Amino acid sequence: MRILHTADWHIGKKLHKKELYQDFDLFIDWLCKFLPENDIDILLVSGDVFDFSNPSSESRTQYYRTLIKLKKFDLKIIITGGNHDSPSVLEAPKAILNELDIHVIGQRPENLQDCLIPIYKDENVELVIAALPYLRNRDLQERFDAENHDSKQKAVQQSIAYHFQETASLAKKKHPDVPLIGMGHLFAKGVSLSDSEREIQIGNLAGLDASHFGSNYSYIALGHIHKPQRLNSETPIFYSGSPTPLSFSERKNEKRILVIDTTKSFEPESISIPKFRNLVLVKGSLEKIKQKLSEITNTHPLQTLIEIEMEEEHFSPSKTIELEEYIEAFEAEACEIVKHKVSFKYKPEGLRGITSTEEQISDFTPLEVFHKKLESVDETETSKEELISAFEEILDELNRPEQ
């Protein structure tokens, strides 16, 4: 049986106000060629289907159009919710999707047994998928009551670990000799991050060790971290990463899917996804920036997006104006400058702390704005973590679509 692991689609994502719908469509077009050529039986999507919990009608249309395309290849599709996803949005068409052999688990069910999806071959269970979605604070708080930072961190970790280990135990009781694959959407210790991952749980303090998952899984398909990577463990525990770059910090990451052939091993084969768009960060003095911009050409199907960071030694309003005029006049085929900022190493005393191009609040998520506000607040670290936890719960409530 051949299984494809992907995650973090983030349908509806914008990068500095630029729509990334085309990027995702090109990935799906490529995937639709890959699936039949490689005899894929099961597609796992480990969370963050959408970029927003209340996705636009265009995002929902793209999602359903994608499912229709993928189902043409007669494969089982299993989708779990991520921290960006609204459980009610994902599960609204659940009954219809089940009839199409598309299984969606947007939130933790009351009975963990309902996370288990047996995979049949010739009327026998050949494999079991433990499809655990992103575990929200309200799910975790049922299993802990901690009053301080250290104990809360351990309690959150233990609660997440309980969900994975208990689900595995249920699977092994019912199908003791059948391989078990887990799905999760979470932060694990030791992984490499990019700018586009948003905080999860209590300030990312819920980072798990490989040991928290237990020893009953043959493979664990994770989502949330956008760079493909493996956890340091005997069990193959992998983040597939996002299929397309979602921030300029991911511009050098090679995007991948992972394919497991259970007849051979549960060690996945890592498959490179073609690059559809180039993201370019241009840094340096004004003269260096001009030179680098003059050399940029586009060699990919989609428009090249450019971010500029001008760094000068001494404060100079004239250089700032010159840069803005250069950007205004910039013309290169299929290339666009989407953001620029300016910094000076030395400034007059009265201008310290001021940059010529201020960061726009629209560049940040609400949680990121809240984190920046907390930087200037005289509170203990414990108190800040409590505030972050409360703010996350408020966001979750506000973003939940009306029933």
Side-chain angles (χ1 to χ4, degrees), residues 1-7 39-47 71 73-81 90-91 94-95 97-135 139 142-143 158-186 188 208-223 230-231 233-240 258-269:
M1 192 163 288
R2 291 174 62 81
I3 304 161
L4 191 150
H5 168 201
T6 180
D39 298 322
I40 301 300
D41 302 295
I42 304 170
L43 174 67
L44 306 180
V45 185
S46 296
K71 274 310 296 178
F73 304 104
D74 191 30
L75 73 167
K76 182 183 287 289
I77 300 174
I78 302 173
I79 299 170
T80 54
L90 282 186
E91 294 194 348
K94 188 170 184 174
L97 294 179
N98 280 350
E99 292 298 316
L100 300 172
D101 208 13
I102 300 173
H103 301 264
V104 178
I105 299 181
Q107 62 189 334
R108 189 208 65 183
E110 288 296 320
N111 187 347
L112 285 177
Q113 186 79 41
D114 295 334
C115 289
L116 298 176
I117 302 171
I119 309 297
Y120 290 87
K121 185 174 182 181
D122 299 328
E123 300 184 357
N124 296 315
V125 177
E126 183 168 314
L127 183 72
V128 176
I129 307 293
L132 281 159
Y134 171 71
L135 298 169
D139 302 323
E142 294 176 9
R143 300 205 60 80
Q158 289 170 2
S159 183
I160 296 174
Y162 163 81
H163 283 81
F164 277 90
Q165 293 179 26
E166 179 65 15
T167 305
S169 178
L170 291 170
K172 289 301 179 181
K173 284 178 183 176
K174 192 168 184 179
H175 307 286
D177 301 319
V178 175
L180 176 65
I181 288 181
M183 297 174 69
H185 192 91
L186 49 82
L208 298 194
D209 291 315
S211 61
H212 284 112
F213 296 101
S215 58
N216 283 319
Y217 290 97
S218 297
Y219 178 88
I220 299 180
L222 296 180
R230 176 182 181 152
L231 268 61
S233 63
E234 290 185 15
T235 300
I237 306 175
F238 280 82
Y239 287 99
S240 67
L258 300 171
V259 176
I260 306 106
D261 187 339
T262 63
T263 63
K264 298 178 180 178
S265 165
F266 282 89
E267 288 289 339
E269 179 184 3

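Small disclaimer: the values here were computed from a predicted structure and weren't measured.
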query: What's the verdict on side-chain contact (heavy atoms from CB on, under 4.5 Å) for L75 and D41, showing C-alpha distance, side-chain angles and the deciding distance?
result: CA-CA 5 Å; L75 73 167; D41 302 295; 5.8 Å; no
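- At distances below 3.5 Å, at least one donor-acceptor pair connects side-chain atoms of T167 with backbone N or O atoms of H163.
- With contacts defined as side-chain heavy-atom distances shorter than 4.5 Å, the pair I40/I3 does not qualify.
- Scanning all heavy atoms of the two residues, the minimum distance from V104 to L90 falls at CG1-O, 3.5 Å.
- To the nearest 0.5 Å, atom CD of residue E269 and atom CG of residue L258 are 9.5 Å apart.
- In this structure E267 satisfies the salt bridge (charged side-chain N to carboxylate O under 4.0 Å, His left out) test together with R230, sequence neighbours excluded.
- Residue Y239 comes nearest to G223 through the heavy atom pair CE2-O, 3.4 Å, listed as atom of the first residue, atom of the second, then distance.
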field: CA sep, side-chain torsions, deciding dist, call: D261, R2, salt bridge (Lys or Arg N to Asp or Glu O under 4.0 Å)
entry: CA-CA 5 Å; D261 187 339; R2 291 174 62 81; 3.4 Å; yes
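- Summarising the geometry, atom CG belonging to L4 is positioned 5.5 Å from atom CG belonging to L43; distances are rounded to the nearest 0.5 Å.
- Contact check for V178 versus E126: no side-chain heavy atoms found under the 4.5 Å cut-off.
- Between I119 and I42 the shortest side-chain heavy-atom distance falls below 4.5 Å.
- Closest approach of T80 and P133 over heavy atoms only: CB-CA, 4.0 Å.
- With contacts defined as side-chain heavy-atom distances shorter than 4.5 Å, the pair H103/N98 qualifies.
- Rounding to the nearest 0.5 Å gives a distance of 4.5 Å between CD1 of I102 and CD1 of I77.
- The backbone N or O of G106 lies less than 3.5 Å from a partner atom in the side chain of E91, making a donor-acceptor pair.
- Counting non-hydrogen atoms of neighbouring residues, nucleotides and ligands closer than 6.0 angstrom, the NZ atom of K94 exceeds 12 such neighbours.
- Nearest heavy-atom pair across D139 and R108 is O-NH1, 3.4 Å.
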Enumerate donor-acceptor pairs with a distance under 3.5 Å from any side-chain N or O in residues 210-220 to protein atoms, sequence neighbours excluded.
| unit_1 | atom_1 | unit_2 | atom_2 | d |
| --- | --- | --- | --- | --- |
| H212 | ND1 | D209 | N | 2.9 |
| H212 | ND1 | D209 | O | 3.4 |
| Y217 | OH | F164 | O | 2.7 |
| Y219 | OH | H5 | ND1 | 2.9 |

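- Atom NZ of K76 sits about 3.5 Å away from atom CG of D101, to the nearest 0.5 Å.
- In this structure, S46 contributes its side chain and A221 its backbone to a donor-acceptor pair below 3.5 Å.
- Between L222 and L186 the shortest side-chain heavy-atom distance falls below 4.5 Å.
- With hydrogens and angles ignored, the 3.5 Å screen pairs no side-chain donor or acceptor of K121 with any backbone N or O of M1.
- Listed for the S240 side chain is a donor-acceptor partner under 3.5 Å among the backbone atoms of A7.
- Residues P179 and L127 come closest through the heavy atom pair O-CD1, 3.5 Å.
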Side-chain donor/acceptor pairs under 3.5 Å, residues 110-117, sequence neighbours excluded:
| unit_1 | atom_1 | unit_2 | atom_2 | d |
| --- | --- | --- | --- | --- |
| N111 | OD1 | Q113 | N | 3.0 |

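- Note that the CG atom of N124 and the NE2 atom of H175 stand 11.0 Å from one another [nearest 0.5 Å].
- Between I79 and L44 there is no side-chain heavy-atom pair separated by less than 4.5 Å.
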